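Accompanying notes for the structure given below.
Numbered from 1 within each chain, the chains take letters A, B, ... in sequence-line order. Just so it is clear, the structure is predicted and the values come from calculations on it, not from any experiment.
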Amino acid sequence: MQESPTPRNFIADIVATDLESGRHKGVVTRFPPEPNGYLHIGHAKSICLNFGLARAFGGACHLRFDDTNPSTEDLEYVEAIQRDVRWLGFDWGPNLFFASDYYEALYEHALHLIRTGFAYVCSLSDAGVKAGRGSVSEPGVDSPYRGRSVEENLALFERMRLGEFEDGAHVLRAKIDMAAANMKLRDPAIYRIKHAPHYRRGKDWCVYPLYDFAHCLSDAQEGITHSICTLEFENNRELYDWLLARSVVDCRPRQFEFARLNLTHTLLSKRKLLELVQQGLVRGWDDPRMPTIAGMRRRGYTPEAITAFCELIGVAKNNSLVDLGKLEFCLREDLHERAPRVSCVFYPLRVTLTPVPKATTLVAARFPDRPERGTRLVPLSAELFIERADFSEAPPPGWHRLAPGAEVRLRHAGLLRCETVEKDADGTVIALACSYHEDDGTRKVKGTIHWVSAAEALDVEVRLYDKLFGADEPTALDPLNSGSLEVIQGCKIEPSVNGTEAGAHFQFERHGYFVSDPDGTPERPIFNRTVTLRDGFAKVLAAAMPGAAATPPRVERPRTRAAQGQAQAELPRSIARLTEPARGIAEARRARGASDAAALVFATDEALGQLFDGAVELGACASITGNLAANELRGLLGAVGVQGLRFGAAELAELVGLIDEGAVTNTTAKDVLAHLIAKGGSPRGVVEALGATKLAHGELAAIVSEVVATHAAEATRYREGKTALLAFFVGQVMRRTKGQANPAELEPLLRARLVHRIHPIEG
RNA sequence: UCCGGUGUCGUUCAAUGGCAGGACGGAGGACUUUGAAUCCUCUAAUCGUGGUUCGAAUCCACGCACCGGAACCA
């Protein structure tokens, strides 16, 4: 197994930054499944991310069961999930946790929230709560129970726990804001009454915490540093932070979201997969057609293939739909190294050889391109089976296989020519009589076919699997692919596989990768097709014969990034569109000398506008000030906001003055701005401290020469015509001079220096 | 409609103001006792419009498209 490299994705970057800055001493992540179903390939992505991060940064990843809903959870799932995570190659060590072990502590946290006035018992019905929540565009209304006293809430919550009420009679709600734009903050329920036995806690409890409440506190309890979840929880983050801020906890985990996996032709929803199982549409959670880890394992996937896939697809916040072909690529890549080759004929056609081959046993490599990895014995005789599909009486153009009078190579054996074709009364080919020659290496034969010796061949069952859904993006409503399972009895396989235990991988040459299924026995194995080999001939065939589309035409999904954006507003028009007072303000600042774009910004950001006004009144050039404030300053501001600024109009005016008189470059000005925001001070002072006045011409020329000399290869490519590299050189010089080079001087200088070399001194 | 998020080759992920790059796919070729594998070559993208800047995928503005959010599920 290869060493896992440090993952490169935006979350790994955050972790690395947090470690460097000392924000955290170590990383602790967690994989938090709810034990209400089996893990699938989408979970594998999350497992690889969480455990991979811990592994890469020398931290820990906890396995925590988020079991807060007794009515859907089960021990069977707990066991299956542990089995699957372990099989994928990850180890949680001693860090196995259950939210259900935290019920007591969680209850205390709830009491604390009530005592501090941040939670109340609401006695509205389910429907009543819903009605009061409002809608995405309308605020909700306060529950009539929102004003209950702490004492009353405490007493009621205690009685809830004691089991004095029916399910749904009361619910504990966080007291936040019924008008919040984020609906997750409209007094969410955090505890509900549920008279249901829990698979681990039995009848200990009849109130259970809800996800948002239990999750953040469980994270804090375990000292999680980075709580990584999928995009649909983005709106929950505010609630996550709200709850932790009001609870007594030792640490403050932060939540980060990434895009969950979507795979073409694959259903990745635990709920819908459960339906397939319950309706008997598949054989179970581990049906080899299922995208569950258990199903994939039985199908013949390897942990290495799955983790390589997760590495390949990366981690981002982009909603994406990954082509199933990528998974298959990783699978084939791994199996190519792992699966010894054997010969298996699915639909046998009898062939008799004359003369009878002299050799009765051949020695064939298990891995033909890696002979050192061993051999197997293959019997040879005058009676063989070959694949029916490898013979054609009327071969299409480009056919390399057997046909009347044609010659092919028998894999590992000699050459074969079809002499006569034997048919039954219906005209079906039932046998072939062929002449046999040892291979003297003089003849070039295009095709090679696989075969087995008839007498020694084993009869086996082979199960061919295909996609469960034909649709690119299936929903549960889509019909199952009727050809997703094909069972072939009476396949003929070489005897070397006798004694194979379940779970052994093979490549059936020219067919694909197969794995022995637990339904079989060592004496009578059953094989599942894991994945076919890439089939170049199928493409040739499809191209040659238009009607026979081997691959169905790809359905284009509606392009998300489709560029039909028009109706763009020109700036003056945007100003015109503003409300009357705002337009007046914008116009006034435009009149004062701000550009259209800047004026528009100042119309919506009054604080920034006033900063602009102040600087201009102090005599700063209006256009420079406007652009600097609206474009550069605004970008640097971030969460600080104009109010939080450590400098005012005077400093801005001073900086603009420096630009205006040519003392500093624009790049430097931006650096100064960043400096002022972070530390305050005066522009002149910062410029001095940075030593950032514009470079003298002589100095610049020297640096240009140096840069060109140290990048000789790029200079050559530039002279050869890659003129885009001029930007590269400008960049190098700018970097070297920390942005103090005068751009107006730099470019001609650089151009001259670069060309100069091509015509070395003429005289 | 409100809030949050996302837009880069056909797909997926990079580029953290300085040469738009990798992988998968596709096309072509070499090699081949698996029409496999391997090797080589090619293909092809910054959602739109303005602005700032010597320089913009990246910063600013205005738009557009798509995804998520109104469970006593997670």
Side-chain angles (χ1 to χ4, degrees), chain A residues 8-9 13 34 36 66 68-69 72 126 129-130 133-138 140 167-168 171 180-184 186 189 191-194 210-211 215 231-235 238 257 259 312-323 325-326 329 332 336 341 368-369 400-401 409-412 439 445-448 450 507 509-510 533-538 540 554 556 558-571 573-574 595-598 600-601 627-628 630-632 634-636 665-667 714 717 722 724-725 727-732 734-735 741-744 746-747:
Chain A
R8 291 300 307 178
N9 58 61
D13 289 345
E34 187 192 7
N36 65 349
D66 240 351
T68 55
N69 187 354
T72 55
D126 191 355
V129 170
K130 198 181 168 129
R133 185 117 45 206
S135 75
V136 288
S137 47
E138 293 156 50
D167 284 11
V171 62
N182 179 354
M183 304 224 20
K184 288 282 188 282
R186 319 249 261 228
Y191 260 94
R192 83 287 218 182
I193 301 170
K194 204 160 199 161
L210 280 131
Y211 166 83
H215 198 84
L231 248 29
E232 67 270 26
F233 292 98
E234 261 169 338
N235 294 304
E238 215 178 337
E257 310 86 15
L312 177 78
I313 57 172
V315 176
K317 294 189 79 155
N318 227 358
N319 272 311
S320 57
L321 178 63
V322 177
D323 196 311
K326 283 194 172 63
F329 165 80
R332 291 187 181 111
H336 179 71
R341 316 287 129 120
D369 32 0
H400 294 173
R401 277 104 103 145
R409 188 184 304 279
L410 291 171
R411 180 69 164 153
H412 300 298
D439 187 5
V445 175
K446 270 237 167 116
T448 300
H450 62 281
Q507 186 199 99
E509 284 195 301
R510 304 211 305 131
L533 254 23
R534 276 186 73 207
D535 189 357
F537 184 59
V540 174
R554 227 185 104 80
E556 273 294 304
R559 305 276 21 246
T560 31
R561 332 147 155 59
Q564 40 248 7
Q566 58 273 122
Q568 72 300 129
E570 277 140 38
L571 272 328
R573 231 203 301 160
S574 295
S595 67
D596 292 343
L600 191 62
V601 171
N627 288 338
L628 196 65
N631 291 309
E632 310 297 350
R634 192 150 216 257
L636 290 168
T665 61
N666 279 299
T667 310
E714 284 82 2
R717 278 166 62 212
K722 175 105 180 156
L725 280 169
F728 164 76
F729 283 105
V730 172
Q732 289 301 315
M734 284 299 185
R735 190 162 289 176
N742 182 354
L746 175 57
E747 221 173 280

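Checking side-chain atoms of A:R186 against main-chain N and O of A:S135 turns up a donor-acceptor pair under 3.5 Å. Listed for the A:N742 side chain is a donor-acceptor partner under 3.5 Å among the backbone atoms of A:A744.
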* To do: Could you please spell out the steps behind the side-chain contact (heavy atoms from CB on, under 4.5 Å) verdict for A:T448 and A:H400?
  => CA-CA 8 Å; A:T448 300; A:H400 294 173; over 6 Å; no
* Given the rule in the side-chain contact (heavy atoms from CB on, under 4.5 Å) test, do A:K194 and A:N69 qualify, once you have shown the distances and angles that lead to the verdict? -> CA-CA 9 Å; A:K194 204 160 199 161; A:N69 187 354; 3.1 Å; yes
* To do: For side-chain contact (heavy atoms from CB on, under 4.5 Å), just list the numbers for A:F728 and A:R717, CA-CA rounded to whole Å, side-chain angles, deciding distance to a tenth of an Å, and then say yes or no.
  => CA-CA 12 Å; A:F728 164 76; A:R717 278 166 62 212; over 6 Å; no
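In terms of position along RNA chain B, the nucleotide closest to A:Q732 lies nearer the 5' end than the nucleotide closest to the other residue of the pair A:Q732 and A:L636. Nearer the 5' end of RNA chain B, as judged by each residue's closest nucleotide, is the contact made by A:N627, out of A:N627 and A:G635.
Remark: the A:R8 side chain and the B:C13 base include no donor-acceptor N/O pair separated by less than 3.5 Å. For A:T667 against B:C54, a side-chain N or O and a base N or O form a donor-acceptor pair under 3.5 Å.
Rounded to whole Å, atom P of B:U6 lies 8 Å from atom CG of A:L231. Atom CG in A:N319 sits about 7 Å away from atom P in B:G68, given to the nearest Å. The interatomic distance linking A:K326 (NZ) with B:A23 (P) rounds to 12 Å, in whole Å. Distance A:N666 CG to B:G51 P: 17 Å, rounded to the nearest Å. Between the CD atom of A:E632 and the C1' atom of B:A56 there is a distance of 11 Å, given to the nearest Å. In this structure, A:L312 atom CG and B:C13 atom P are separated by 11 Å, rounded to whole Å. Rounded to an integer number of Å, the gap from A:N318 CG to B:A14 C1' is 12 Å. Taking atom CG of residue A:L628 and atom P of nucleotide B:G51, one finds them 19 Å apart after rounding to whole Å.
Interatomic distance, A:I313 CD1 to A:K326 NZ, rounded to the nearest 0.5 Å: 9.5 Å.
The shortest distance between side-chain heavy atoms of A:T68 and A:H215 does not fall below 4.5 Å. Side-chain contact between A:E238 and A:K184 is absent, with no heavy atoms from C-beta onward closer than 4.5 Å. A 4.5 Å side-chain heavy-atom check between A:E509 and A:H412 finds at least one atom pair inside the cut-off. The shortest side-chain heavy-atom distance between A:R411 and A:R510 does not fall under the 4.5 Å cut-off.
For B:U58 and B:U49, the P atoms lie 12 Å apart once the distance is rounded to whole Å. Spacing between B:C60 and B:U6 at atom P, rounded to whole Å, works out to 13 Å. Taking the P atom of each, B:U34 and B:G68 are spaced 48 Å apart, rounded to whole Å. Comparing B:G55 with B:G22, their P atoms are spaced 28 Å from each other, to the whole Å. Distance check on atom P: B:A23 versus B:A65 gives 36 Å, rounded to whole Å. Taking atom C1' on both B:A15 and B:C9, the two are 15 Å apart, rounded to the nearest angstrom. If you take atom C1' in B:U12 and the same atom in B:G7, they sit 14 Å apart, rounded to whole Å. The same atom, C1', is picked in B:A14 and in B:G21; the two are 7 Å apart, to the nearest Å.
Contacts of A:R186 with the nucleic acid, taken as non-hydrogen atoms under 4.0 Å apart, are absent. Within the nucleic acid shown, A:E714 comes within 4.0 Å of at least one base atom, counting heavy atoms only. Contacts of A:V601 with the nucleic acid, taken as non-hydrogen atoms under 4.0 Å apart, involve only primed sugar atoms and P, OP1 or OP2. Within 4.0 Å of A:A316, counting heavy atoms only, lie sugar-phosphate atoms of the nucleic acid but no base atom. The residue A:K317 sits close only to the backbone: its heavy atoms come under 4.0 Å of sugar-phosphate atoms, none of a base.
Between A:D167 and A:R192 no salt bridge is recorded (no basic side-chain N to carboxylate O distance below 4.0 Å).
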* Asked: Please, what dot-bracket string fits RNA chain B when only Watson-Crick and G-U pairs with both distances under 3.5 Å count, crossing ones use [ ] and pairs to another strand use |?
  -> .((((((..((((....[..))))((((((.......))))))...(((((..]....))))))))))).....
* At under 4.0 Å between heavy atoms, which parts of nucleotides 69-74 of chain B does protein reach? Answer with one letter per nucleotide, 5' to 3': B base, S sugar-phosphate only, - none. => BBSBSB
* Going 5' to 3' along nucleotides 30-46 of chain B, which nucleotides have protein heavy atoms under 4.0 Å from the base (write B), which only from the sugar-phosphate (write S), and which from neither (write -)? -> ---BBBSS---------
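For A:L600, taking side-chain heavy atoms from C-beta onward, the closest of the listed nucleotides B:C67, B:C19, B:C62 is B:C62.
With sequence neighbours left out, A:F729 forms a ring-ring contact (aromatic ring centres under 6.0 Å, His included) with no residue at all. With sequence neighbours left out, the salt bridge (charged side-chain N to carboxylate O under 4.0 Å, His left out) criterion links A:E34 to no other residue. In this view, A:N235 satisfies the side chain to side chain donor-acceptor pair (under 3.5 Å) rule with no residue, not counting sequence neighbours.
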